Participant: 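First the structure, which I've put down as structure tokens, then a few questions once you've had a look.
In this text the structure is predicted, and so the values were computed from the model without any measurement. Lettering of chains follows the sequences in order, A, B, ..., and the numbering in each one begins at 1.
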Number of protein chains: 2
Amino acid sequence: MRTPEVQQRIESRLLSALRQAGLRLTLQRRAICRFLAQSEDHPTAQDIYRALKPQYPSLSLATVYNTLDALVRLGAVHRLGEAGDDAAHYDADISPHINLACIRCHRVVDFPLPDVARLEDVVRQASGYRILGARMVYYGLCPECQQALNQEAQPTAAASE
Amino acid sequence: MRTPEVQQRIESRLLSALRQAGLRLTLQRRAICRFLAQSEDHPTAQDIYRALKPQYPSLSLATVYNTLDALVRLGAVHRLGEAGDDAAHYDADISPHINLACIRCHRVVDFPLPDVARLEDVVRQASGYRILGARMVYYGLCPECQQALNQEAQPTAAASE
DNA sequence: TCCAAACTTAGAAGCATTCCAAATAAGAGA
DNA sequence: TCTCTTATTTGGAATGCTTCTAAGTTTGGA
């Protein structure tokens with residue numbers, strides 16, 4: 001559960017990014033930023049659209065894509081492509097943290113990341129990049145999928161229980 | 001430039017992964033694995049298809065997708081979604097390394113990663129994941145795009161040169 | 001050599017994402 | 001507060017990546 005303080009901080013950061021880029025803070029953009037700040041998982045454009053449509057009946061899917069695109073271009077939001085489903089997922093938490101991506105069930109869960117400040121400095125100086133955000137991705141099998149794979153391999157032993 | 005030894009190692013690893021999974025090593029799959037092992041950048045399915053079509057005229061795009069999907073499911077290849085263009089990119093180098101993703105020009109370049117073995121152990125033990133590969137993603141602006149943005153901001157100063 | 005299962009192929013279908021033109025709303029200035 | 005300019009929203013069409021399907025082909029074992 002993301003604490004209200006964290007939500008508030010993320011929402012403010014997203015709105016600031018839009019404002020500083022000279023973009024207008026429309027009702028729709030505010031709603032999308034608020035939703036991104038609140039959601040713990042990594043929603044797709046469709047997820048956001050479906051969640052906000054009831055409260056904002058005029059909302060268009062194109063607007064969701066436009067806003068997400070603007071936020072990604074500003075570096076305020078990350079676009080994730082590890083999920084096996086074809087839709088892009090978005091993450092408003094751009095602080096260095098680990099994403100654990102299961103290659104079987106395609107879930108992507110967060111994991112706190114120990115200090116990487118030094119690493120970031122090394123990369124910044126050697127590459128010349130202006131670094132806006134970071135993300136460590138480990139690909140693997142989550143505990144549930146490891147168990148499921150074991151049961152698939154020996155189905156009789158488990159079934160005779 | 002990827003050294004021939006590295007190419008060979010990657011190609012062998014991909015073929016082994018397919019073999020160990022009980023999948024057949026067809027001519028097409030061998031060609032796709034070889035191409036993945038050789039390409040330094042992060043090709044899309046289309047890139048692979050176009051590159052191999054001349055030499056394998058019967059090759060189908062569906063086969064490319066099937067093979068890539070199999071390799072991703074086996075954890076032998078990573079699917080990247082940071083590129084802003086809509087197609088998924090694939091990376092056969094699953095050793096821990098940094099991807100520098102420019103949010104403006106969408107290029108994704110590799111960067112060698114200092115030792116993260118300790119970090120990986122911490123994550124493995126705390127999460128229960130079976131970790132198959134890792135990738136650090138820094139989002140930011142590459143040197144060229146920083147320069148381009150500066151010129152856009154002060155076009156007259158540069159033009160009066 | 002023969003067979004069953006796995007694989008490839010081409011094209012159709014599905015769906016995420018982008019594009020477009022008309023309608024609307026934000027924000028600056030009077 | 002009112003007006004105006006311009007960015008933005010909207011819905012639907014278009015694009016293009018990816019998946020699906022059925023038929024033909026190939027693989028590897030017996």
Side-chain angles (χ1 to χ4, degrees), chain A residues 14-33 35 42-74 77-90 103 106, chain B residues 14-15 17-35 42-74 77-90 103 106:
Chain A
L14 299 184
L15 294 174
S16 294
L18 293 174
R19 203 181 299 119
Q20 286 184 16
L23 300 173
R24 290 178 180 170
L25 297 186
T26 65
L27 201 63
Q28 293 88 339
R29 284 181 178 163
R30 288 172 192 277
I32 292 168
C33 288
F35 184 84
H42 310 105
T44 65
Q46 283 282 358
D47 292 337
I48 299 171
Y49 175 71
R50 271 196 287 267
L52 297 179
K53 188 70 175 174
Q55 199 175 350
Y56 302 88
S58 81
L59 182 67
S60 166
L61 189 55
T63 299
V64 177
Y65 276 107
N66 283 341
T67 303
L68 288 172
D69 194 51
L71 289 169
V72 170
R73 264 186 293 109
L74 294 170
V77 159
H78 289 168
R79 179 187 162 119
L80 318 188
E82 347 299 337
D85 52 352
D86 35 12
H89 293 243
Y90 296 85
I103 59 173
H106 303 312
Chain B
L14 300 184
L15 294 174
L18 292 174
R19 202 182 299 119
Q20 286 184 17
L23 300 172
R24 290 178 180 169
L25 297 185
T26 65
L27 201 63
Q28 294 87 339
R29 285 179 179 163
R30 289 174 191 277
I32 292 168
C33 289
R34 193 176 328 120
F35 184 84
H42 310 106
T44 65
Q46 284 282 356
D47 292 337
I48 299 170
Y49 175 71
R50 271 196 287 267
L52 298 178
K53 188 70 174 175
Q55 198 174 352
Y56 302 88
S58 81
L59 182 66
S60 165
L61 189 55
T63 299
V64 177
Y65 276 108
N66 283 341
T67 303
L68 288 171
D69 195 51
L71 290 169
V72 169
R73 263 186 293 110
L74 295 170
V77 159
H78 290 169
R79 179 187 161 117
L80 318 188
E82 345 299 337
D85 52 352
D86 35 13
H89 294 243
Y90 296 86
I103 60 173
H106 304 311

Participant: Calculate the interatomic distance between B:I48 atom CD1 and C:dT8 atom P; express it in whole Å.
Facilitator: 14 Å
Participant: Can you tell which of C:dT8, C:dT9, D:dT8 lies closest to the side chain of B:R29?
Facilitator: C:dT8
Participant: Checking contacts here: which listed nucleotide (D:dG11, C:dA6, C:dT9) is nearest the side-chain heavy atoms of A:K53?
Facilitator: D:dG11
Participant: Rounded to the nearest angstrom, tell me the gap between atom CD1 in B:I32 and atom C1' in C:dT8.
Facilitator: 10 Å
Participant: Let me know the distance between CG of A:L18 and P of C:dA26, rounded to the nearest Å.
Facilitator: 15 Å
Participant: For the pair made of CG in A:N66 and C1' in D:dG11, what is the distance, rounded to whole Å?
Facilitator: 13 Å
Participant: When the nearest nucleotide of DNA chain D is assigned to B:T26 and to B:Q46 on a heavy-atom basis, which residue is associated with the more 5' position?
Facilitator: B:Q46
Participant: Using modelled atom types only, decide if a donor and an acceptor are shared between the side chain of B:D47 and the backbone of B:T44 within a distance under 3.5 Å.
Facilitator: yes
Participant: Specify the residue among B:R30 and B:Y65 whose closest nucleotide of DNA chain D lies further upstream toward the 5′ end.
Facilitator: B:Y65
Participant: Rounded to whole angstroms, how far apart are OH on B:Y56 and P on D:dT26?
Facilitator: 15 Å
Participant: What integer distance in Å separates A:Y49:OH from D:dG12:C1'?
Facilitator: 12 Å
Participant: Indicate, with a heavy-atom threshold strictly under 4.0 Å, whether A:T44 touches base, sugar-phosphate, or nothing.
Facilitator: nothing
Participant: So, taking the atom named NZ in B:K53 and the one named CG in B:L61, what distance separates them when rounded to the nearest 0.5 Å?
Facilitator: 9.0 Å
Participant: Would you call B:Y90 and B:L80 a side-chain contact if the rule is heavy atoms closer than 4.5 Å?
Facilitator: no
Participant: Looking at the side chain of B:A87, which of D:dC17, C:dT8, C:dT17 is the nearest nucleotide?
Facilitator: D:dC17
Participant: Contact class for B:L27 (heavy atom, under 4.0 Å): base, sugar-phosphate, or nothing?
Facilitator: nothing
Participant: Check the distance between C:dA16's P and A:D47's CG and give it to me in whole angstrom.
Facilitator: 10 Å
Participant: Do A:R24 side-chain and D:dT6 base share a donor-acceptor contact under 3.5 Å?
Facilitator: yes
Participant: Let me know the distance between CD of A:Q28 and P of C:dA25, rounded to the nearest Å.
Facilitator: 9 Å
Participant: Report the distance from atom CZ of B:R19 to atom CZ of B:R24, rounding to the nearest 0.5 Å.
Facilitator: 14.5 Å
Participant: Can you identify which nucleotide, out of C:dA16, D:dG12, D:dT18, has its nearest atom closest to the B:R79 side chain?
Facilitator: D:dT18
Participant: Just how far is it from atom CG of B:L23 to atom CG of B:L71, taken to the nearest 0.5 Å?
Facilitator: 9.0 Å
Participant: Taking only the side-chain nitrogens and oxygens of B:S60, find out if one of them lies under 4.0 Å from OP1 or OP2 of C:dT8.
Facilitator: no
